[in-house]
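Comments concern the structure below.
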Amino acid sequence: MDVSRRVFVATAAVLAATGATRPALAAPAAAPGDRYRIPVSPDDTDADLVRKASQVRPTERQIAWQRLERTAFLHFGVNTFTGLEWGTGDEDPDVFQPAGLDTDQWARALRDGGFKLAILTVKHHDGFVLYQSRYTGHGVASSSWRDGRGDVLRSFADSMRRYGIKVGVYISPADENQYLHGVYANGSARTDRPIPTLVDSDDRTPSRSYTLPATDYGAHMLNQLYEVLTEYGPIDEVWFDGAQGRIPPDKVEKYDWDSWYTLVRSLAPDAVIAVSGPDVRWVGNEGGLAREDEWSVVPVQEKDYGRTDYALSYDAPDMGSRAALVAARPVADFLQWWPAECDVSIRDGWFYHADQQPKSVEQLTDIYFRSVGRNSVLLLNIPPDTDGLLPAPDVVRLREFRERVDRELPEDLARDARTTVSPGVRAVDLGREREVNRIRLAEDIRHGQQVESFVVEAQRDGAWTEVTRAGAIGASRILLLAAPVRARRWRVRVTGSRAAARVVEFGLYRSQV
């Protein structure tokens, strides 16, 4: 898995239908009136940049995604059986033999761990696919496992939905098997391609078909995306990275991002596209850690084939403050709602290795507070083993992790408290003195992300006393106090904001740990 270079692409309206019926297309991400991105220029003043940032709004799909908080990744494929992290593309498909595959076991473990969405590695960089594809011989259809009729994706999707978990797919842009077959990075020109491209003995009569500009490999990806997005039920997240695979450095495949994303928008309009996508960005590390002040509104620049990339470095310590907006001004094309996803594996590797053990509950809890607690969504990888099961220690750890978070944030003491709201202040009266050592805040992000600084105060001996202070809030900010504070009346006071701040959650907790 290579996330050293993540990219984002704005959807381009380049679809043309083939056949008699033209499909109704979803609006591209930058449709007129859509305020998820606002143009900027080098001529903008500092005040212009702040004003424009205050006007950026998330889409409905982004709002729904940020509410998930905990999502799961499942890296599974030929690497599970070869012991590699990066496959080579020339593996014998027969090596894939998960004799005890039980995706219901996966779903139960994820449900019990508090996860709301799970992403399966449908194809990693080696090109081996976990479903019955018409477009490659490198996949489960070529394995003797289940006599070549096995379909991990179908089982996965059915199980997740059965247990109330949303379904996501990761289809690697890189494909070393297709490189070996002369398709990937072959230097072919972009030309209009029919999607789906019907093959011999194809039993489909597509109700929707398209003509899209693509290279040879870009068309291959479009056909695989079409299969996955039309034959496996609703998909809630499509996850790409920007990896090129381990091919010669002079062989580069320019990805047809505009066509890929337009197809996803049409076939799965409710799906967020991450992390090389218009909806969600990579946080910039694989440790699951967000910045202390993580902004969902960040400067971006647009590049080839509709691709928009970070205007600042992907791992910049500051991605969205006033200073960051000014620093990005010479190269930024837009200010965009592009919230962070924090990916990390429960083990050292992304694929299963028998000699590795899961992270401790303490490590996972720290990651939770430094991701979900910092305006981000946690993406935790739990790799199935060679039997096709989530390892028993990992299953136990997921349950312990959820139980620990539940103890860290038990009953919200302010849930039924008397609340008063005035400009920049939200105050609660708990009715009697209570001890508090965890504080949870949230803005109404339907109105953007506005808070730049705030202070939490408690009334003690008749006077308001500062308890803690911090910067950005966004969809979720959790503060841990070093010691419990006992008070009846509490308030959060916004001390810096880009526009009118709407703090809609002010939760007070006494950890039971």
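Heavy-atom basis, side chains included; hydrogens, waters and symmetry copies ignored.
- Although no hydrogens or angles enter the test, the distance criterion places a donor-acceptor pair under 3.5 Å between the side chain of Q363 and the main chain of S360.
- Side-chain N or O atoms of E69 include none that pairs as donor or acceptor with a backbone N or O of Q66 at under 3.5 Å.
- The heavy-atom pair separating T386 from T80 by the smallest distance is CG2-O, 3.4 Å.
- Using a 4.5 Å heavy-atom threshold, the side chains of T136 and N177 count as touching.
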Exercise for the section: Give the C-alpha distance, both sets of side-chain angles, the deciding distance and a yes or no for side chain to side chain contact (heavy atoms under 4.5 Å, CB included) between V283 and R291. Expected result: CA-CA 8 Å; V283 75; R291 297 161 182 81; 3.8 Å; yes

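- Taking the side chain to side chain donor-acceptor pair (under 3.5 Å) definition, one finds that E403 meets it with nothing, sequence neighbours left out.
- Shown here are the side-chain contact (heavy atoms from CB on, under 4.5 Å) partners of P234, two or more places apart in sequence or in another chain: R161.
- For H124 and S172, the side-chain atoms include no donor-acceptor pair closer than 3.5 Å.
- Between the side chain of D387 and the main chain of L389, no donor-acceptor pair closer than 3.5 Å is present.
- Side-chain N or O atoms of Q62 include none that pairs as donor or acceptor with a backbone N or O of V272 at under 3.5 Å.
- Here salt bridge (charged side-chain N to carboxylate O under 4.0 Å, His left out) pairs that include residues 164-179, with residues two or more places apart or in two chains, are K123-D175.
- Two rings, from W338 and Y36, have their centers 6.0 Å or more apart.
- To the nearest 0.5 Å, the span separating CG on L74 from CG on L110 amounts to 6.0 Å.
- No donor-acceptor contact under 3.5 angstrom links the side chains of Q512 and R407, judged on distance only.
- Of the possible donor and acceptor atoms, one in the side chain of N223 sits under 3.5 Å from a partner among the backbone N and O of A219.
- Shown here are the side chain to side chain donor-acceptor pair (under 3.5 Å) partners of T121, two or more places apart in sequence or in another chain: there are none.
- Between P339 and R281 there is no side-chain heavy-atom pair separated by less than 4.5 Å.
- Of the possible donor and acceptor atoms, one in the side chain of T103 sits under 3.5 Å from a partner among the backbone N and O of S155.
- For K251, the side-chain contact (heavy atoms from CB on, under 4.5 Å) partners are Y179, A185, I247, P248, not counting sequence neighbours.
- With hydrogens and angles disregarded, a donor-acceptor distance shorter than 3.5 Å links the side chain of T197 to the backbone of P194.
- Under the ring-ring contact (aromatic ring centres under 6.0 Å, His included) criterion, H220 pairs with Y217, sequence neighbours left out.
- Note on residues 311-320: no pairs pass salt bridge (charged side-chain N to carboxylate O under 4.0 Å, His left out), not counting sequence neighbours.
- Proximity of the aromatic rings of Y170 and F73 is defined here by a centroid distance below 6.0 angstrom, and this criterion is met.
- Side-chain N or O atoms of S376 include one that pairs as donor or acceptor with a backbone N or O of R374 at under 3.5 Å.
- Residue pairs meeting the salt bridge (charged side-chain N to carboxylate O under 4.0 Å, His left out) criterion with at least one partner in residues 355-369, sequence neighbours excluded, are E362-R404, D366-R370.
- When only modelled atom types and interatomic distance are considered, N79 and Y352 share no side-chain donor-acceptor pair under 3.5 Å.
- For the ring pair (Phe, Tyr, Trp, His ring centres under 6.0 Å) condition, the pairs that include at least one residue of residues 96-122, sequence neighbours left out, are F76-F96, F76-W106, F81-F96, F96-F128, F96-W145.
- D333 meets the side-chain contact (heavy atoms from CB on, under 4.5 Å) test with Q301, E302; sequence neighbours excluded.
- Remark: side-chain polar atoms of S144 are not paired, donor with acceptor, to backbone N or O of D147 under 3.5 angstrom.
- Checked by atom type, the side-chain pair Q178/Y135 shows no donor-acceptor distance below 3.5 Å.
- Contacts of E237 classified as side chain to side chain donor-acceptor pair (under 3.5 Å), with partners at least two apart in sequence or in another chain: W65.
- Here the CD1-CD1 distance, from I171 to I119, works out to 11.5 Å after rounding to the nearest 0.5 Å.
- Note: H353 and F351 fail the aromatic proximity criterion, with ring centroids not under 6.0 Å apart.
- Scanning both residues, S143 and D94, for their nearest heavy atoms gives C-OD1, 3.8 Å.
- Side-chain N or O atoms of S266 include none that pairs as donor or acceptor with a backbone N or O of L263 at under 3.5 Å.
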Handout entry: CA sep, side-chain torsions, deciding dist, call: I445, I63, side chain to side chain contact (heavy atoms under 4.5 Å, CB included)
Key = CA-CA 7 Å; I445 61 172; I63 292 172; 4.2 Å; yes

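- Not counting sequence neighbours, the partners of S476 by the side chain to side chain donor-acceptor pair (under 3.5 Å) test are R440.
- Looking only at atom types and distance, the side chain of W86 has no donor-acceptor partner in the side chain of D126 under 3.5 Å away.
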